[in-house]
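Contents: one structure, followed by commentary.
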Amino acid sequence: MRILVTGGAGYIGSHTVRQLLAGGHEVTVFDSLEYGHRRAVPDVNLVVGNLRDIDHVDNLLVVNRIEAVIHFAAYAYVGESVTSPAKYYTNNLIYSLQLLDRCRRNGVQKFVFSSTCATYGVPDAVPIAETAPQRPVNPYGNSKLAFEHALADYAAAYPFGYCALRYFNAAGAAEDGTIGESHDPETHLIPLVFRAATGKIPHVSVFGTDYPTPDGTCVRDYIHVDDLARAHILALDKIGPGSKLQYNVGLGRGYSVREVIAAVEQVTGLKVPVKEEPRRAGDPPALVADAGKIARELGWSAKYDTLTAILETAWRWHKTHPNGFEE
Ligand SMILES: NC(=O)c1ccc[n+]([C@@H]2O[C@H](COP(=O)([O-])OP(=O)(O)OC[C@H]3O[C@@H](n4cnc5c(N)ncnc54)[C@H](O)[C@@H]3O)[C@@H](O)[C@H]2O)c1
Ligand SMILES: O=c1ccn([C@@H]2O[C@H](COP(=O)(O)OP(=O)(O)O[C@H]3O[C@H](CO)[C@@H](O)[C@H](O)[C@H]3O)[C@@H](O)[C@H]2O)c(=O)[nH]1
């Protein structure tokens with residue numbers, strides 16, 4: 001298939017692009033490089049541009065005769081979305097709606113969207129199934145949920161099908177250690193724990209120790225980035241006209257912030273200095289996937305099925321790329 005991957009030079013996008021290329025697809029990556037890296041996508045047609053310039057994207061859809069779009073491009077910092085909601089509604093919702101409409105006008109009939117477990121807000125129970133109410137508690141989650149609604153309405157009205165993949169927390173790096181997570185600023189827990197372990201930062205902050213969880217810290221479901229990437233490949237095959245697919249993608253097991261820190265200490269053999277701090281705004285206490293639906297309907301399962309297995313790949317990447325993709 002001829003596929004446009006927005007945000008394909010980012011963390012999850014670049015791992016997915018590799019699998020698409022390995023599967024023989026013709027891939028065009030569209031990325032502003034605001035958070036992405038040219039070095040993350042060395043073997044592909046990378047077009048540097050911003051979704052804001054929708055005519056640029058439109059031209060790519062036409063010239064490259066795009067059949068499917070995988071839409072990763074977005075801002076993805078939960079905490080920042082609380083203080084700068086305008087940024088999130090503009091990039092994640094307005095620009096996404098523009099992209100969606102250009103897809104409709106240009107006859108693109110398959111669309112895979114990076115949604116998030118943040119659309120569930122504070123769930124009534126974990127694990128969370130796709131049928132759970134979606135009540136986001138931060139602007140980031142709101143922006144993603146609003147776009148899910150637009151996708152459903154388009155699929156009902158136009159010759160168009162989509163799959164919204166609701167990722168839980170992406171983690172880990174390519175098995176060969178050549179690409180991995182590299183954000184600036186880095187706000188994600190796992191890379192920060194590695195940085196604290198290796199002395200690049202003085203300590204890792206633990207945001208909140210009074211949550212209603214077994215050890216008082218937030219629980220998240222960490223899923224390997226290549227397992228996430230594989231879900232996109234399976235979704236592309238499944239989407240047909242009128243498809244309205246939504247799948248959780250997670251391990252189905254939660255780990256607390258303290259458990260993540262202990263697991264990094266075990267994988268690296270290094271001590272992690274910790275500083276306990278107040279809660280971060282917008283963080284639900286526990287998010288764990290019920291990933292039964294994607295297993296049943298797409299035959300997906302996680303190859304990296306423990307936190308340790310995921311962290312070992314991340315450690316290989318961080319050890320060999322202490323400055324990420326920067327020289
Ligand atoms: N990382 C996670 O744990 C996680 C979990 C759930 C959902 N998601 C979603 O998955 C997607 C990818 O996340 P990621 O962690 O790889 O983030 P990332 O920041 O590494 O990748 C996003 C990419 O999109 C690009 N981008 C952003 N806005 C753009 C624009 N207007 N025009 C062109 N390019 C633009 C950035 O430069 C970046 O390369 C995002 O939509 C995010 O919301 C991520
Ligand atoms: O220095 C830190 C950073 C994070 N945390 C905690 O660790 C957990 C995980 O945080 P983080 O790694 O920042 O991920 P999330 O905020 O859960 O967000 C990620 O995972 C979401 C799905 O849960 C996605 O939607 C987002 O795009 C993605 O950034 C949270 O409880 C944080 O409070 C800390 O205690 N200290």
Side-chain angles (χ1 to χ4, degrees), residues 5-16 29-38 40-41 46-54 56-57 70-81 87-88 90-92 94-96 98-99 113-120 136 138 140-141 143-144 147 164-171 181-184 186-193 195-196 201 203-209 211 213 217-223 225 228-229 232 249-250 254-258 260-261 274-289:
V5 183
T6 74
Y11 173 42
I12 306 170
S14 58
H15 288 76
T16 306
V29 168
F30 185 80
D31 198 299
S32 62
L33 299 184
E34 185 180 358
Y35 290 112
H37 307 272
R38 196 178 285 278
V41 279
L46 167 65
V47 178
V48 179
N50 197 302
L51 283 179
R52 164 192 337 120
D53 305 322
I54 196 60
H56 188 180
V57 184
I70 307 183
H71 180 39
F72 292 101
Y75 293 142
Y77 295 129
V78 172
E80 184 190 55
S81 80
K87 251 185 101 164
Y88 281 72
T90 303
N91 202 29
N92 297 4
I94 296 178
Y95 297 164
S96 295
Q98 286 178 353
L99 170 69
F113 173 54
S114 300
S115 189
T116 165
C117 62
T119 59
Y120 295 114
N138 49 60
Y140 167 69
S143 70
K144 292 281 181 174
F147 190 65
L165 294 173
R166 297 181 189 146
Y167 316 155
F168 284 63
N169 288 53
E181 189 165 10
S182 175
H183 289 126
D184 184 19
E186 187 53 80
T187 63
H188 292 112
L189 178 66
I190 289 177
L192 289 174
V193 179
R195 285 188 194 183
I201 54 174
H203 61 261
V204 65
S205 301
V206 174
F207 293 138
T209 54
Y211 282 100
T213 58
T217 66
C218 281
V219 170
R220 293 289 180 274
D221 182 333
Y222 296 92
I223 177 75
V225 64
L228 265 185
H232 296 74
V249 200
Y255 296 89
S256 72
V257 173
R258 289 196 207 282
V260 169
I261 293 168
V274 163
K275 187 169 174 215
E276 294 186 358
E277 304 213 29
R279 293 181 179 196
R280 192 176 67 177
D283 276 341
L287 295 169
V288 180

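What you see is a predicted model, and the numbers here were worked out from it, not measured in a lab. Computed from heavy atoms alone, side chains included, the values below leave out hydrogens, waters and symmetry copies. For ligands, and for the atoms within them, numbers begin at 1 and follow the listed sequence. The residues of the chain are indexed from 1 along the displayed sequence.
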Measuring from atom 32 (C) of ligand 2, which candidate in I190, L287, D283, T187 has the nearest non-hydrogen atom? D283

Which ligand 2 atoms does V206 reach within 4.0 Å, using its non-hydrogen atoms? 35 (O)

Of A76, S205, P136, S115, the residue with the heavy atom nearest atom 36 (N) of ligand 2 is S205

Checking Y120 now: which residues fulfil ring-ring contact (aromatic ring centres under 6.0 Å, His included) with it, not counting sequence neighbours? none

List for me each residue that meets ring-ring contact (aromatic ring centres under 6.0 Å, His included) alongside Y211, sequence neighbours excluded, and say none if there are none. none

Between ligand 1 and the protein, find all N/O pairs closer than 3.5 Å and give the distance for each.
{"residue": "ligand 1", "atom": "3 (O)", "partner": "A170", "partner atom": "N", "Å": "2.9"}
{"residue": "ligand 1", "atom": "16 (O)", "partner": "Y11", "partner atom": "N", "Å": "3.3"}
{"residue": "ligand 1", "atom": "16 (O)", "partner": "I12", "partner atom": "N", "Å": "2.8"}
{"residue": "ligand 1", "atom": "20 (O)", "partner": "Y11", "partner atom": "N", "Å": "2.9"}
{"residue": "ligand 1", "atom": "20 (O)", "partner": "H183", "partner atom": "NE2", "Å": "2.7"}
{"residue": "ligand 1", "atom": "28 (N)", "partner": "N91", "partner atom": "ND2", "Å": "3.0"}
{"residue": "ligand 1", "atom": "31 (N)", "partner": "N50", "partner atom": "OD1", "Å": "2.9"}
{"residue": "ligand 1", "atom": "31 (N)", "partner": "N91", "partner atom": "OD1", "Å": "2.7"}
{"residue": "ligand 1", "atom": "32 (N)", "partner": "L51", "partner atom": "N", "Å": "3.0"}
{"residue": "ligand 1", "atom": "34 (N)", "partner": "S32", "partner atom": "N", "Å": "3.1"}
{"residue": "ligand 1", "atom": "34 (N)", "partner": "S32", "partner atom": "OG", "Å": "3.4"}
{"residue": "ligand 1", "atom": "37 (O)", "partner": "D31", "partner atom": "OD1", "Å": "2.7"}
{"residue": "ligand 1", "atom": "37 (O)", "partner": "S32", "partner atom": "OG", "Å": "3.4"}
{"residue": "ligand 1", "atom": "37 (O)", "partner": "E34", "partner atom": "N", "Å": "3.3"}
{"residue": "ligand 1", "atom": "37 (O)", "partner": "Y35", "partner atom": "N", "Å": "2.9"}
{"residue": "ligand 1", "atom": "37 (O)", "partner": "G36", "partner atom": "N", "Å": "3.2"}
{"residue": "ligand 1", "atom": "39 (O)", "partner": "G10", "partner atom": "N", "Å": "3.3"}
{"residue": "ligand 1", "atom": "39 (O)", "partner": "D31", "partner atom": "OD1", "Å": "3.1"}
{"residue": "ligand 1", "atom": "39 (O)", "partner": "D31", "partner atom": "OD2", "Å": "2.6"}
{"residue": "ligand 1", "atom": "39 (O)", "partner": "G36", "partner atom": "N", "Å": "3.0"}
{"residue": "ligand 1", "atom": "41 (O)", "partner": "F72", "partner atom": "O", "Å": "2.7"}
{"residue": "ligand 1", "atom": "41 (O)", "partner": "K144", "partner atom": "NZ", "Å": "2.7"}
{"residue": "ligand 1", "atom": "43 (O)", "partner": "Y140", "partner atom": "OH", "Å": "2.6"}
{"residue": "ligand 1", "atom": "43 (O)", "partner": "K144", "partner atom": "NZ", "Å": "3.1"}

Compute the shortest N/O to N/O distance between F168 and ligand 2 and return yes if it is under 3.5 Å, no if not. no

The protein heavy atom nearest to atom 31 (O) of ligand 2 is C218 CB, 2.9 Å

From E276 CD over to H203 NE2, what is the distance, rounded to the nearest 0.5 angstrom? 11.5 Å

How close does the nearest protein non-hydrogen atom get to atom 27 (O) of ligand 2, and which residue and atom is it? Y140 OH, 2.8 Å

Nearest protein heavy-atom contact for atom 10 (O) of ligand 2: which residue, which atom, what distance? R280 NH2, 3.5 Å

Do N169 and H188 have side chains that get closer than 4.5 Å, going by heavy atoms? no

Could you tell me whether C117 and ligand 2 have an N or O pair separated by under 3.5 Å? no

Can you report which non-hydrogen protein atom sits closest to atom 28 (C) of ligand 2, along with the distance? H188 NE2, 3.7 Å

Looking at ligand 2, is there an atom of it that comes within less than 4.0 Å of some heavy atom belonging to Y222? yes

Using a strict 4.0 Å cut-off to heavy atoms of L192, name the atoms of ligand 2 that fall inside it. 1 (O)

Taking only non-hydrogen atoms of Y77, do any sit less than 4.0 angstrom from ligand 2? no

For atom 24 (C) of ligand 2, which candidate among N169, T116, T213 holds the nearest heavy atom? T116

Hey, mind stepping through R38 and L46 against side-chain contact (heavy atoms from CB on, under 4.5 Å) and telling me if it holds? CA-CA 8 Å; R38 196 178 285 278; L46 167 65; 3.9 Å; yes

Top protein contact for atom 12 (O) of ligand 2, by heavy-atom distance: L189 N, 2.8 Å

Which word best sums up how the rings of H183 and Y35 line up, parallel for under 30°, tilted for 30 to 60°, or perpendicular for over 60°? perpendicular

Please determine, by modelled atom types, if Y88 and E80 share a side-chain donor-acceptor pair under 3.5 angstrom. yes

With distance as the sole test, does D31 use its side chain to make a donor-acceptor pair with the main-chain N or O of A9 at under 3.5 Å? yes

Carefully, step by step, assess V206 and I261 under the rule side-chain contact (heavy atoms from CB on, under 4.5 Å). CA-CA 10 Å; V206 174; I261 293 168; 3.8 Å; yes

Does the side chain of T16 reach to within under 4.5 Å of the side chain of V5, using non-hydrogen atoms? no

Residues that N92 engages under side chain to side chain donor-acceptor pair (under 3.5 Å), provided they are two or more places apart: S143

Is the shortest N/O to N/O distance between F207 and ligand 2 below 3.5 Å? yes

Looking only at protein heavy atoms, what sits closest to atom 6 (C) of ligand 2 is V257 CG2, 3.8 Å

Report the relative orientation of the aromatic rings in F30 and H56; use parallel for angles under 30°, tilted for 30 to 60°, perpendicular for over 60°. perpendicular

Only one of P136, S96, S114 clears side chain to side chain contact (heavy atoms under 4.5 Å, CB included) with K144; which? S114

